[in-house]
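A quick note: this is a predicted structure, and the numbers were derived from the prediction, not measured. Computed from heavy atoms alone, side chains included, the values below leave out hydrogens, waters and symmetry copies.
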Amino acid sequence: MAPLLQVKGLKTQFFTQDGIVHAVDGISYDVEEGETLGIVGESGCGKSVGVLSVMRLIPTPPGKIVAGEVLFQGRDML
C-alpha cells in the first residue's frame with residue numbers, strides 16, 4: 001500500500017532583489033495512514049516554508065516551488 005503523503009525532492013526558492021534564497025532544498029519524506037510526523041529544527045531552517053509548500057500556500061511572488069513532488073493518496077498536489 002502506498003503512503004498517504006509522499007514528499008519527494010521538494011525545493012522552494014524566494015526571488016528577492018538581493019538574489020535567490022534557497023528556503024527548502026530537496027526535502028523528502030513519507031507519511032503512512034495513522035502516522036504522525038513531527039518536524040523539528042533550528043530557527044530559519046525551512047520547517048514552516050516546507051509545510052507551506054506542501055499546502056501550496058507560498059506567496060507568489062516572491063516564492064516559487066521549483067522542483068519536487070507532493071503526492072496525497074497518489075495524486076499530485078502541485
Side-chain angles (χ1 to χ4, degrees):
M1 187 168 166
L4 182 64
L5 175 68
Q6 292 178 285
V7 177
K8 300 177 183 180
L10 186 64
K11 293 184 179 189
T12 303
Q13 298 175 350
F14 289 90
F15 299 89
T16 70
Q17 291 178 346
D18 295 329
I20 298 172
V21 176
H22 301 273
V24 175
D25 197 18
I27 60 172
S28 299
Y29 56 86
D30 293 345
V31 180
E32 300 288 340
E33 189 171 342
E35 280 188 326
T36 301
L37 173 69
I39 300 175
V40 297
E42 295 179 12
S43 177
C45 73
K47 301 177 300 289
S48 296
V49 173
V51 174
L52 288 170
S53 297
V54 168
M55 296 186 299
R56 295 178 48 198
L57 295 175
I58 293 296
T60 304
K64 183 176 181 183
I65 298 168
V66 296
E69 291 182 294
V70 175
L71 303 172
F72 180 74
Q73 295 180 333
R75 183 172 155 221
D76 189 0
M77 301 305 290
L78 297 181

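Applying the salt bridge (Lys or Arg N to Asp or Glu O under 4.0 Å) test to every pair with at least one member in residues 26-41, sequence neighbours left out, gives no pairs at all. Sorted by first and then second residue, the salt bridge (Lys or Arg N to Asp or Glu O under 4.0 Å) pairs with a member in residues 17-26 read Lys11-Asp25; sequence neighbours excluded. Every pair tested for salt bridge (Lys or Arg N to Asp or Glu O under 4.0 Å) that includes a residue from residues 42-52 fails, sequence neighbours excluded, so the list is empty. Here side chain to side chain donor-acceptor pair (under 3.5 Å) pairs that include residues 51-69, with residues two or more places apart or in two chains, are Thr12-Ser53.
Across Ala23 and Val49, no two heavy atoms sit closer than the pair CB-CG1, 3.9 Å. What you find for Ser28 and Gly9 is that their closest heavy atoms are OG-N, 2.8 Å. Contact detail for Asp76 and Leu78: the closest heavy-atom pair is OD1-N, 3.1 Å.
Under the side-chain contact (heavy atoms from CB on, under 4.5 Å) criterion, Leu57 pairs with Leu52, Met55, sequence neighbours left out. A search for side-chain hydrogen bond (donor to acceptor under 3.5 Å, both in side chains) contacts involving Gln13 returns His22, not counting sequence neighbours. Scanning for side-chain contact (heavy atoms from CB on, under 4.5 Å) contacts around Pro62 gives Phe14, with sequence neighbours left out.
Val66 and Val7 are assigned to two separate hydrophobic clusters, defined by single-linkage of ILVMFWY side chains at heavy-atom distances under 4.5 Å. Both Phe72 and Leu10 are assigned to one and the same hydrophobic cluster, defined by single-linkage of ILVMFWY side chains at heavy-atom distances under 4.5 Å. Residue Leu71 is not grouped with residue Val51 when hydrophobic side chains (ILVMFWY) are merged at heavy-atom distances under 4.5 angstrom, including chains of intermediate members. Put simply, Val70 and Ile58 are part of the same group of oily side chains (I, L, V, M, F, W, Y) that touch within less than 4.5 Å, one to the next. The hydrophobic clustering, which links ILVMFWY residues whose side-chain heavy atoms are closer than 4.5 Å, places Ile20 and Ile27 apart.
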